[in-house]
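Remarks on the structure that follows.
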Amino acid sequence: MDELLSKENLDYRDRARQVAEKYVKPVAAELDRTGEYPWEVIKALQETRLMGMWVPKDYGGGGSGLLNLCIVVEEISRACGAIGCAYVVNALGSLPIVLGGTEAQKQKYLPDIAAGRKLIAFCLSEKNAGSDAGSLKTRAERDGDNYVISGDKKWTTNGAAASLYTVFATTNPERGTRGVTGFIVERETQGFELGKREDLMGIRCVPVNETHLRNVRVPAANLLGGAEGRGFKHAMMTLDVARPFVAAQGLGIAQGALDLALEYTKQRQQFGQSIASFQGIQFMLADMATQVEAARYLVYAAARAVDAGVKDVSKISAMSKVFATDTAMRVTTDAVQLFGGYGYCRDYPIEKFMRDAKITQIYEGTNQIQRMVIGRSLIRESAS
Ligand code: CAA
């Protein structure tokens, strides 16, 4: 695969690998235990200019494109899927501004995000609006030069770490998805409250919070894109670009688990020989490696399609997410199996990969929703 990557791609990979080796690997198990946020890693990513690499150069970012970002996420997640998530969810939070914000919004908010001075989270989901994102109930009403937002958001990833939030609310409930509007909300705004932190199976160092908006008053200048009713499209366009980097997170987790399984099976002696010398074990490793490589091709293809400006990337983006994250779950489960009883113990690093993999099949659209997106695209394409 390396021969298909450019010098720039390989340079991003080297930088990310150095951060992963020096800063991520040493803290992954400890932060999984304590639930503390990886601030030191975020600082290292800032110093290596990997924070905000997705932000256009005009606003102080790296202007790197999605393929480079996927490569970086893959490398970080290979060392720790949770830290990969803590990092890249900033891209999810800021993409609505990059893709749909006004010039003034870009100039005001993107430079701080690009420099890593401010982290940003994405507030779309609610208790009763998960897969059916368009049924959200958070309400925003115009009041003079302001909007007043009220409602409760769920699953705000990086919630307690962020200081900016892109919040989706309805400005016109009768219009369904066409009434949804995005807003940029600053953490200090009166009435914005962080709620319960979820006690999660994996990605345990990432604070995933409920967020509450109690008559939060934001200036009309913070209306995303400067017009009401564009929010659902902004959210969907964001997810089309974001899903390949969740796929890259799954890919990195799968590769990391495969690395550990290969090392362990070469060392582990049973019946007088290393278990890697048994054909049954080699077949398992071969299947894992083949799936990981196939996932890599699909993730990079989706990222390249986005970078090339392909008009409709929903299908390839959803395909990359389904395939790479299902691969992550299969490969990490097999890796635990290869470690035997030790794989089931927290003394060994492998069970964490399986726990961190699971969320990638669920967030940024469950893999059932991805299949729905793919199915709808197939039917549309066959009709035209
Ligand atoms: N790009 C641009 N516009 C799009 C679009 C896209 N990819 N997909 C849909 N739209 C537009 C449609 O064209 C339509 O526009 P018009 O009204 O002008 O016709 C409008 O949006 C509504 O489209 P649908 O009728 O297809 O909408 P739907 O209600 O059937 O929902 C869905 C479609 C794909 C199921 C969508 O709701 C969806 O993606 N759900 C999953 C939500 C999700 O991924 N949530 C994750 C949140 S982030 C997270 O996980 C937490 C985290 O922080 C990591």
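Just so you know, residue 1 is the first one in the sequence shown, and it goes up from there. Quick caveat, the model's predicted, so the values are computed rather than measured. Indexing begins at 1, ligand by ligand and atom by atom, following the structure's order.
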Exercise: do [X] and [Y] side chains pair donor with acceptor under 3.5 Å:
| X | Y | answer |
| --- | --- | --- |
| Gln249 | Tyr87 | no |
| Glu47 | Tyr23 | no |
| Gln18 | Asp14 | no |
| Gln105 | Asn222 | no |
| Tyr342 | Glu351 | no |

Kindly identify the option in [options] whose heavy atom sits closest to [atom].
| atom | options | result |
| --- | --- | --- |
| atom 4 (C) of ligand 1 | Gln370, His234, Met236 | Met236 |
| atom 40 (N) of ligand 1 | Cys123, Ser125, Ser131 | Ser131 |
| atom 35 (C) of ligand 1 | Lys154, Met372, Arg178, Gln249 | Met372 |

Of Asn68, Leu66, Asn90, the one forming a side-chain contact (heavy atoms from CB on, under 4.5 Å) with Trp54 is Asn90

Of Ile359, Asn158, Asp356, the one forming a side-chain contact (heavy atoms from CB on, under 4.5 Å) with Val206 is Asn158

To check your reading of the model: name the closest protein heavy atom to [atom], its residue, and the distance in Å.
| atom | value |
| --- | --- |
| atom 42 (C) of ligand 1 | Gly130 O, 3.8 Å |
| atom 49 (C) of ligand 1 | Glu364 N, 3.6 Å |
| atom 2 (C) of ligand 1 | Met237 CG, 4.0 Å |
| atom 52 (C) of ligand 1 | Thr157 OG1, 3.2 Å |
| atom 28 (P) of ligand 1 | Arg376 NH1, 4.2 Å |
| atom 13 (O) of ligand 1 | Lys233 NZ, 3.6 Å |
| atom 45 (N) of ligand 1 | Gly365 N, 4.0 Å |
| atom 34 (C) of ligand 1 | Val373 CG2, 3.8 Å |

Where's the contact between [X] and ligand 1, heavy-atom distance under 4.0 Å: side chain, backbone, both or neither?
| X | value |
| --- | --- |
| Phe232 | side chain |
| Arg243 | side chain |
| Leu92 | side chain |
| Asn158 | neither |
| Cys85 | neither |

Check whether any side-chain N or O of [X] sits under 3.5 Å from a backbone N or O of [Y] as a donor-acceptor pair, and report yes or no.
| X | Y | value |
| --- | --- | --- |
| Asp312 | Ser314 | yes |
| Thr166 | Gly93 | yes |
| Arg13 | Glu75 | no |

Should the ring pair Phe271 and Phe278 be called parallel, tilted or perpendicular, given that the plane angle runs from 0 to 90° and is split at 30 and 60? perpendicular

query: How are the rings of Tyr264 and Phe339 set to each other: parallel, tilted or perpendicular (split at 30° and 60°)?
result: parallel

What do you reckon, does Gly93 put a non-hydrogen atom under 4.0 Å from ligand 1?
no

Heavy-atom distance from atom 25 (O) of ligand 1 to the protein below 4.0 Å?
no

Non-hydrogen protein atom less than 4.0 angstrom from atom 32 (C) of ligand 1: no

query: Taking it one step at a time, do Asn9 and Ser6 satisfy side-chain hydrogen bond (donor to acceptor under 3.5 Å, both in side chains)?
result: CA-CA 5 Å; Asn9 301 150; Ser6 69; 3.1 Å; yes

Contacting atoms of ligand 1, where contact means under 4.0 angstrom from a heavy atom of [X]:
| X | result |
| --- | --- |
| Phe122 | 48 (S) |
| Thr177 | 20 (C), 22 (C) |
| Ser314 | 7 (N) |

Discussion item. With a 6.0 Å cut-off on the ring centroids, do Phe168 and Phe122 count as close?
Written reply: yes

Discussion item. Pairs of nitrogen or oxygen atoms closer than 3.5 Å, one from Asp240 and one from ligand 1: do any exist?
Written reply: yes

Do any N/O atoms on Leu239 end up under 3.5 angstrom from N/O atoms on ligand 1?
no

